[in-house]
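What follows is a set of notes on a single structure, which appears directly below.
Naming convention: chains lettered A, B, ... in sequence-line order (proteins, then strands); numbering from 1 in each chain.
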Number of protein chains: 4
Amino acid sequence: MTPIADCATEPSPWSPREAELLAATLQLLQENGYERLTVDAVAATAKASKATVYRRWPSKGELVLAAFIEGCRQAAVHPNTGSLREDLLALGEAITAHATKHSATVRAVMVEVSRDPALREAMQHQFLDQRKALIESVLRQAVGRGEIQAAAISDELWDLLPGYLIFRSVMPTRPPTMKTVQAFVDNVIIPSLTRPLA
Amino acid sequence: MTPIADCATEPSPWSPREAELLAATLQLLQENGYERLTVDAVAATAKASKATVYRRWPSKGELVLAAFIEGCRQAAVHPNTGSLREDLLALGEAITAHATKHSATVRAVMVEVSRDPALREAMQHQFLDQRKALIESVLRQAVGRGEIQAAAISDELWDLLPGYLIFRSVMPTRPPTMKTVQAFVDNVIIPSLTRPLA
Amino acid sequence: MTPIADCATEPSPWSPREAELLAATLQLLQENGYERLTVDAVAATAKASKATVYRRWPSKGELVLAAFIEGCRQAAVHPNTGSLREDLLALGEAITAHATKHSATVRAVMVEVSRDPALREAMQHQFLDQRKALIESVLRQAVGRGEIQAAAISDELWDLLPGYLIFRSVMPTRPPTMKTVQAFVDNVIIPSLTRPLA
Amino acid sequence: MTPIADCATEPSPWSPREAELLAATLQLLQENGYERLTVDAVAATAKASKATVYRRWPSKGELVLAAFIEGCRQAAVHPNTGSLREDLLALGEAITAHATKHSATVRAVMVEVSRDPALREAMQHQFLDQRKALIESVLRQAVGRGEIQAAAISDELWDLLPGYLIFRSVMPTRPPTMKTVQAFVDNVIIPSLTRPLA
DNA sequence: TCATAAGCGAGACGGTACGTCGTGTCTTACG
DNA sequence: CGTAAGACACGACGTACCGTCTCGCTTATGA
């Protein structure tokens, strides 16, 4: 079960200094959560000034979203194991690991994105589109291998795997585990993808 | 295996005055989101004073959680249609309607609950436990009717239906619709519950 | 130098319960100063309820003034030593002792009285008039004994002795002492009263 | 024995912005008294924000004391008429005018200074020391002119003139007038300073 | 002897100011 | 010119106190 990052991860659009600021943001989000994250603290941690931060990201929300997307970009995986089940497990585990580690960030992003259409836009184009493409590519490969039928691929429910796992990460009472991922893949996704179609 | 559809929803633990405050909170949350909700505005809307609010709920987070739970309690449904599919659809649609309407509140609750163990506790005992019991009762009824096997009921994934739908409500880019619910029930949950078991 | 309280001190106009409340007020004023005095604390100290306090004295200001006046009434002296100097020393020392002990109360009374004409009125009739009469009686006795001329008695400066001593009590940097009183009587008041008149 | 009448009043320690804030404070104190003065109103009057006020003066008490001291500094007089009586009248009238105009501030300062040792300290070094020096210089000039004996200068009663006049200003029932000052100087202070010494 | 009312304790309530903190804008001085 | 430092206006937070009020409980008389 070796995830293979052959897929060209597009390069970071950020200068080294900007990457530092985003990393500081991510770290502080992880430590303190969103509400206790202050732009002052981000600047101080990166030994920068608030103006430097605001010059790039005109609001706390944009900063946090940028940090989130950059964090996801860095942690991106492109499993290609030759088996649908293995691909899904790899993907699920990667998502679980990252979302659990950065659950505070995910919650913050949900809040901020819902408040600002521009952020929604950015989220869509800089993150969701890629993720959807990734999942569809995994499924199409499985179709190619004859594991599932093409008609089983749903546009409505393409985010089933990440959606449920992120829900679980974001609910602080029951963070997902590897057992969760396995049960979800074996008992939900595979049955759904291989169900008899009308 | 007693039907519970009409089971007495436990009574509100709040005095009329408190209910007013929670209703005002819920309404303002819906209108403005969590960050733009001010305790002053809650008090003003309910023609109360800030002190009156803080006497009950010592922080904005606790107020919002209480309002959320009370809102869920009032909107609670206990479907008992005699068919698993219909029960799940009814449940899913109720969850979707409520979560879509109150998505800002749900996001806020996720953030607040993750910050305070006491809120986590309250969330668990005053909300999640009931919801889990409700879903298990729906499934057990289906077992009683022979629609599914008892072994298909999973403790790990009991929140599959609400989890995914709430994820969709909370991601502002793709709110769930009735079509989403139907596809999810027919193509994911039912296949999962009726899959061949080892 | 024996101060003699032959002068009929008029009886307290307060019931025992009211006297308790005023005593509690006075004590708390002494301990905490005016700003940290709360009506709640007064009620609690006297094991009464706020309503009981407010029924008698409709505001914190009136309560404090009443407590002040009652305190002065209880500590009143009427020196009659047969010597002007001794009378003045006795009076000055009594004033000094009381005003030093209750300086916080005096400050509070000044503030409150200046804010409310009704309190000003009460202060005038229930306190200042008596005090003025007392001092004039001491001076008139001295006139009778031939110690000073009647013309030396000034209506403009009748409060010279209490005025300066209270000023000193109320300025927290230099509370008056017995030495202050003696110097003031010997070097200021007596020279003033026995100065050559035009 | 150098005349100090025209001595350079030490410059204001405040920036223009700070002076504005203190002026606003002083004006509002005069209009509303201390209790009805709000820091919000001070900030609003000076088109500043509360934080700006609190950055300089960490409490309402410190703000008010600073405003008082600055007000006194601006109104300071250094009489040098060549005659003790005239000097004292000038001083007394200046004190009376200022203390009458700002009686609410004086009362507030007494209360606040008595509550906080740091304020007491500030009051002592930034105000009382100067005032004592001023009076002693007036008296020493009179000694130089042979009007009074050096031994008549008392360290215990140096604040006789301001003390009584401020007492009168602060008691709202009998504010001092020019007649008061004249009577006090002629009938009390001069007799005291020119009394036969042992 | 009992009830009916007056006074009381307890304490919730609306209101208002406090002092704190974070955001996003701006200016100043350095490199 | 970009940056670090940090002041500033704004506005919400959570706390405290005032003066009003509504509850029951007691107690003290009048039927």
- Message: Could you report the tightest heavy-atom contact between A:Leu21 and A:Val42, atom names first, then the distance?
- Response: O-CG1, 4.0 Å

- Item | Heavy-atom pair with the smallest gap, counting every atom of B:Leu119 and B:Glu112 |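 The answer is CD1-O, 3.6 Å.
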
Between [Y] and [X], is there a side-chain heavy-atom distance shorter than 4.5 Å?
{"X": "A:Val111", "Y": "B:Tyr34", "result": "no"}
{"X": "D:Trp57", "Y": "D:Leu22", "result": "yes"}
{"X": "B:Glu20", "Y": "B:Arg17", "result": "yes"}
{"X": "C:Glu70", "Y": "C:Trp14", "result": "yes"}

Which whole-number value in Å describes the distance from [X] [atom1] to [N] [atom2]?
{"X": "B:Glu20", "N": "E:dC13", "atom1": "CD", "atom2": "P", "result": "11 Å"}
{"X": "A:Tyr34", "N": "E:dT23", "atom1": "OH", "atom2": "C1'", "result": "10 Å"}
{"X": "B:Tyr54", "N": "E:dC18", "atom1": "OH", "atom2": "P", "result": "18 Å"}
{"X": "B:Leu21", "N": "E:dA12", "atom1": "CG", "atom2": "C1'", "result": "13 Å"}
{"X": "D:Glu62", "N": "E:dG19", "atom1": "CD", "atom2": "C1'", "result": "12 Å"}
{"X": "D:Leu28", "N": "E:dA17", "atom1": "CG", "atom2": "C1'", "result": "15 Å"}

- Query: Would you say the side chains of D:Ser114 and C:Arg107 form a donor-acceptor pair under 3.5 Å?
  - Reply: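 Per modelled atom types, D:Ser114 and C:Arg107 side chains form a pair under 3.5 Å.
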
Show the distances under 3.5 angstrom between N or O atoms of the protein and N or O atoms of nucleotides 26-29 of chain F.
none

- Query: So, A:Lys101 side chain and A:Gln30 main chain: donor-acceptor pair closer than 3.5 Å or not?
  - Reply: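 A pair under 3.5 Å: no.
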
Distances for protein N or O near nucleotides 6-12 of chain F N or O, under 3.5 Å:
unit_1: F:dC8; atom_1: OP1; unit_2: D:Arg56; atom_2: NH2; d: 3.3
unit_1: F:dC8; atom_1: OP2; unit_2: D:Arg55; atom_2: NH1; d: 2.8
unit_1: F:dC8; atom_1: OP2; unit_2: D:Arg56; atom_2: NH1; d: 2.7
unit_1: F:dA9; atom_1: OP1; unit_2: D:Arg17; atom_2: NH1; d: 3.0
unit_1: F:dA9; atom_1: OP1; unit_2: D:Arg17; atom_2: NH2; d: 3.1
unit_1: F:dA9; atom_1: OP1; unit_2: D:Lys47; atom_2: O; d: 3.0
unit_1: F:dA9; atom_1: OP2; unit_2: D:Ser49; atom_2: N; d: 3.0
unit_1: F:dA9; atom_1: OP2; unit_2: D:Thr52; atom_2: OG1; d: 2.5
unit_1: F:dA9; atom_1: N7; unit_2: D:Ser49; atom_2: OG; d: 3.4

